[in-house]
Number of protein chains: 2
Amino acid sequence: MNLDLRVVSYYLGLMLLILSAAILSVALFAGVEHLVGGPADTSDLRALFLAAFGGAVFAVALMRGGRRAVDLLGQREALLLVALGWLVGAAIGALPFRIWASLRMDAAVTGHSFDSYINCYFETMSGLTTTGATVLQAIGTLPRSLLLWRALTHWLGGLGIVVLFVAVLPMLGVGGRRVYRIEAPGPTPEGVKPRIQDTARTLWLIYLGMTLLETLALRICGMDWFNAVCHTFATLATGGFSTHDSSIGGFESTAIRVVIIIFMVLAGVNFGLYHQLLQRQWRSVRKDPELRAYFAILAIAAFIVTVSLLQSGQLSPSTDAAMSTGAALQEGVFQVVSMQTTTGFCTADFDGWGFAAKATLLVLMFIGASAGSTGGGIKVVRIMIAVKVVLAELEHVYRRKVVRSLKIGKSTIDPELKLNTLVYVVSIAVLFGVGTMALMVFESHQDIDITTAATASAATLNNIGPGLGKVGASQNYGWFSKPSKVVMSMLMVLGRLEVFTIMALFTPRFWLRE
Amino acid sequence: MNLDLRVVSYYLGLMLLILSAAILSVALFAGVEHLVGGPADTSDLRALFLAAFGGAVFAVALMRGGRRAVDLLGQREALLLVALGWLVGAAIGALPFRIWASLRMDAAVTGHSFDSYINCYFETMSGLTTTGATVLQAIGTLPRSLLLWRALTHWLGGLGIVVLFVAVLPMLGVGGRRVYRIEAPGPTPEGVKPRIQDTARTLWLIYLGMTLLETLALRICGMDWFNAVCHTFATLATGGFSTHDSSIGGFESTAIRVVIIIFMVLAGVNFGLYHQLLQRQWRSVRKDPELRAYFAILAIAAFIVTVSLLQSGQLSPSTDAAMSTGAALQEGVFQVVSMQTTTGFCTADFDGWGFAAKATLLVLMFIGASAGSTGGGIKVVRIMIAVKVVLAELEHVYRRKVVRSLKIGKSTIDPELKLNTLVYVVSIAVLFGVGTMALMVFESHQDIDITTAATASAATLNNIGPGLGKVGASQNYGWFSKPSKVVMSMLMVLGRLEVFTIMALFTPRFWLRE
C-alpha cells in the first residue's frame, strides 16, 4: 500500500488549526492588554492576528486537500504526521515573532534577533520541543504578548508529548511503546479508540490541574500573574524559557524557587503514574521502579553538586562571599533538578562551577527524566534497562549457560526491548557526536571550542537549553550561523520525538509501497 | 565451584616465564653489541639480565605455588588468566626500563622519564597492548637494546592478541567468539584441544613469516637492520613505537613509507583469512564482507583526508610550500591507514591539519581494524552489524510485523550477537566518556583542554597512540599525573582485551561460587 499522503495532509491541517487557535488566543490577550492601556506600539497585536490568520488559511487548505481516515491511521501515516506536525508546526509558530520584527516601530532603526526567520524557527522549535534554548540576547525587548506566546509553545509541546507518548503512540503500537508498557501495565485495552480518547482526556485534565496549581503557588509566593503563568508553562513542560535574561536568578525569593523545584520534579515523572494515582493504585505507584530510580539519581546528584560547590569555595552570586551550606544546597538542588528534568532554568551561572559539579550536570543531561514525562534525555528507565543488559552480558562471558530473565520491578524485559533500548542509546551517542562535529564544521570560521560545540549538541538533542562555554547559562544561541541553527533545530526535534520517529523517515523503505 | 586460583597461578607463571625468556633474548642481544664494541655504559645489559632473572624467579614461584589444569581451563579461570597476564606482564616487562634508569651512568646527574615506575609500566602496557603511546620526550636517550625491548613488547602483544582471539577464546566459547565465527566459518572443530594448538601454530608461523618479509623489505628500501626489525615489530602489531622522536617522519624515503603502509594494512586484516588463504580458500577470502568493508572505509577516508589537505593548502613539512597532490596523497593515505589500523605511526603532525581531516581520523580511531587482527578499535564487523541492527530497528518502527533476518555476507546474525555487539559499542562509548572525565579531574591542576583529554582517552582505549592537542603526533604522555597514567593503562588493557574480559572481573558474580 502506498503512503496515504492525503490522510496525513488532513490531520496535519487539523493540528495546525489548533496551533493557529492558540496564536489567536494570545492575540486576544494582546488586544485586551492594549485596550486597558498597554504601550502605543500595536505591532505585536497585528503580528499575532496576521500569524493566526495565515496559519489558519494554510491549515484549512491542507484539510481541504486531504481526507479523513476511515478507521485508524496507518503506522507510517501516523509517524509522518507526528514528524511533520513538529517540523511544520514550528514554521507556523515562528510567524508571530517574524512578522512582529518587521512591524515593530523601531524596525528601521535597530536590528532584532527575530529579523531572521531561521532565528524565529529555532526559537519556536526550542519552545515546542520544550528545549528552552534561546537566540535572544535581551529577552526584555519582546512585548509581553510574545513572551506569553513563547511560553505557550512550551506548554503546548509538553502536553503534546505526554499525550503522544502515554496515550497515542502505545495504542498505535509505535516507537517507544514497549518502554512505556513497563511502567503503565494497567488493564488491557478493550477496543482501542475509546481508550485513547479517554486516556488523552485524563492526561489533559491532569496537565491543566497542575498548571492551575503551580500558577497559584507562584502567585502566592509573590510573582505577578503574568510571570506566574509564563513560568508555569515553562516548568511543567520542562521547557526553560524565562521572561528574564537571568532566568530564575531574576527572582530572589526562596519560596518561588522551591515551588519551581517541586513542579520541575513533578513534571519529570511519568504522567501515566498520575493517571494511576487518580485510579487510587497507590501501591503500584509507590513501588514503581523508574520513579524510585529517578528520585535516587536526583538525590545523589544533588549531594555531589552541593558538596562540590562547598568544597570549591564557590562565591554566592548575590553577596560575593563564599556560599553558605544552605545557599549551596539551594543552588545545587535547583540546578540538578533543572538539568535532569531537562528544564534548563538557571539560578546561577554554573559554567563557572567546579569540574565535578559540571560533569555531574553533563551526565544528568543524558540520563534525563522519566519516560512518559514532559522531560527529555535518554530517560531513566532506559538507563536502568541498559545497565541490566550490560551486566547480564558481562556475566554471559564467563557463565555461558546461565540465562537469567531480566526484570524491572516485576516486569520481565523482553528481548526486543533490550535491543530497542541499546539501539536508542547508541543512536543518541552517534547523533551527539555527529551534531558536535557538524557544529564544529559550520562554526569553524569563528573558532568555536569543543566544549561549546559538544554541550550545544547535548543540550539541544536532550531538550535542555543551556550548555557550557559559549552556550552557558548566561549566554544564548543567537551567535550561531544559520546552518548550525538548522542542525540544532533538527537535534531538538530528534530528541523530542525519541529519535526513531524522525530517523525512520530517512530509511528508503519508509517511502516504498508496502 | 570456586575459582581455581592455583590453576590460574600456574599458567600465569608459565606466561611470565616466556616473557622473561624474551627479556633474556634482548639481554643476549645487548651482550653481543657490547662485545663487538658498544658504548662503555653496560647498564642496559645488567638491567635486562636482572629483569629477566627477577621475572623468572617470580614466574617459577607462581608455577610452584600453582597447579596444572587436569583438562581444559574453566571459563572464569581463562578470563582471569588473560587479564592478569596483561596486567602483571606489563609490571614484569617494565623492569628493564626501571632498573636501567637506576643503573645508568648519569643517573645522579640528570633525570629520566623511566625514573618513575608508573612511567615504565605505562610504556610497557602501551607496548604489550600495541597502543604505542609513549612517555618519552627524547626516544634517543634509550640504549639500542631497550629500544629493541620496547619494540618487542609490541610484537609479543600483537601475537598474543591474534592467537587469543582467533585461536584460543573462540574455542573456549568466551567473549568475542560469536563475532569471529562469522568471518571464519571453517570446518566445525572436532575435538577442541588439538585444533587450538594447530591453529595457534599456523598463526604463529604466518606472523613470523610476515615479520621476516617486512624486515627484508625495509632493509632493501635502505633501513638498517636494527631499525628494520624495530619498525617491523611496531607495524605488524599495529603498535606504533618508533625509534625516532618524529616517528616515520624521520625516514624521508617514499619506498619505506609504502612498505610500512602495505604491512599496516595487512596487519589490520583478520589473521583467520591468512589461515584460509593457506588452505587455498580464495573465494571465501575474496568475498569476505568485513575485508571488503575494511578496504572501502580506508579508501573513502583516504580520499576525504587527501582532498582536505589539498583544499586547506596544508604546507609540506619538508619544503614549506603548499603540498603537491602526490605529497598530500602520501601523507593522507599514510595517516588514514595508521589511524584505522590503530598503529599510530606519524609522518606529519596531523594536529595542525584542517577539521575535516582531523574529524575523519577521529572517526577512524573508533571504527578500528578488522576483528581477529592485531588492530584495535570497535572493529569493522561490529560497525557493520550495528548499522544493520539500527536500520532494522528503524524499519520495525513502522512495519511491526516484518521480521527480516539480518545477514553479514551469507551468515545470519543471531539475536545474541546483535545484543552483544550493541553492548560492546555502548561500553566503548561509556568508557570513552568516563576516561575523558577521569583525565579532566586528575589533570585539573594543569588546566587540560577537553580535546586533549578526549583524544587521550580515545587513543588509549582504541590502542592507537597519538591523539590531538597535548597528546598530538609531536607530543607525548609523559606530562600526565600518575593517577591519569593508571587510568590510561587500564583503558589500554580494556580496549585490547575487548572490554568484556576486564569488565567481567568487576561484576560481583564473577567471584562467587558457581
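Residue numbering restarts at 1 for every chain, and letters A, B, ... go by the order of the sequence lines. Because only heavy atoms are used, hydrogens play no part in the values below, and waters and symmetry mates are left out as well, while side chains stay in.
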Exercise. Any idea which of A:Asp449, A:Leu419, A:Leu422 has the most non-hydrogen atom pairs under 4.5 angstrom with chain B?
Worked result: A:Leu419
Problem set entry | Among the listed options B:Val423, B:Val441, B:Val430, B:Val390, the residue most often paired with chain A at heavy-atom distances under 4.5 Å | B:Val423
Seminar exercise, completed: If one checks every heavy atom of B:Leu505 against chain A at 4.5 Å, the contacting part turns out to be neither
For this session: Output the option from B:Val425, B:Leu362, B:Thr507, B:Leu391 having the highest count of non-hydrogen pairs under 4.5 Å with chain A.
Result: B:Thr507
Problem set entry | Check ion pair B:Glu498-B:Arg382 (N to O, under 4.0 angstrom) | yes
Exercise. Is a donor on one side and an acceptor on the other found under 3.5 Å between the side chain of A:Thr501 and the backbone of A:Leu497?
Worked result: yes
Problem set entry | Listed partners of A:Ser444 passing side-chain contact (heavy atoms from CB on, under 4.5 Å), at least two apart | none
Can you list, pair by pair, the side-chain donor-acceptor contacts under 3.5 Å of residues 351-361 of chain A, counting residues two or more places apart and other chains?
| unit_1 | atom_1 | unit_2 | atom_2 | d |
| --- | --- | --- | --- | --- |
| A:Asp351 | OD1 | A:Gly469 | N | 3.1 |
| A:Asp351 | OD2 | A:Gly469 | N | 3.1 |
| A:Lys358 | NZ | A:Asp351 | O | 3.1 |
| A:Thr360 | OG1 | A:Ala356 | O | 2.7 |

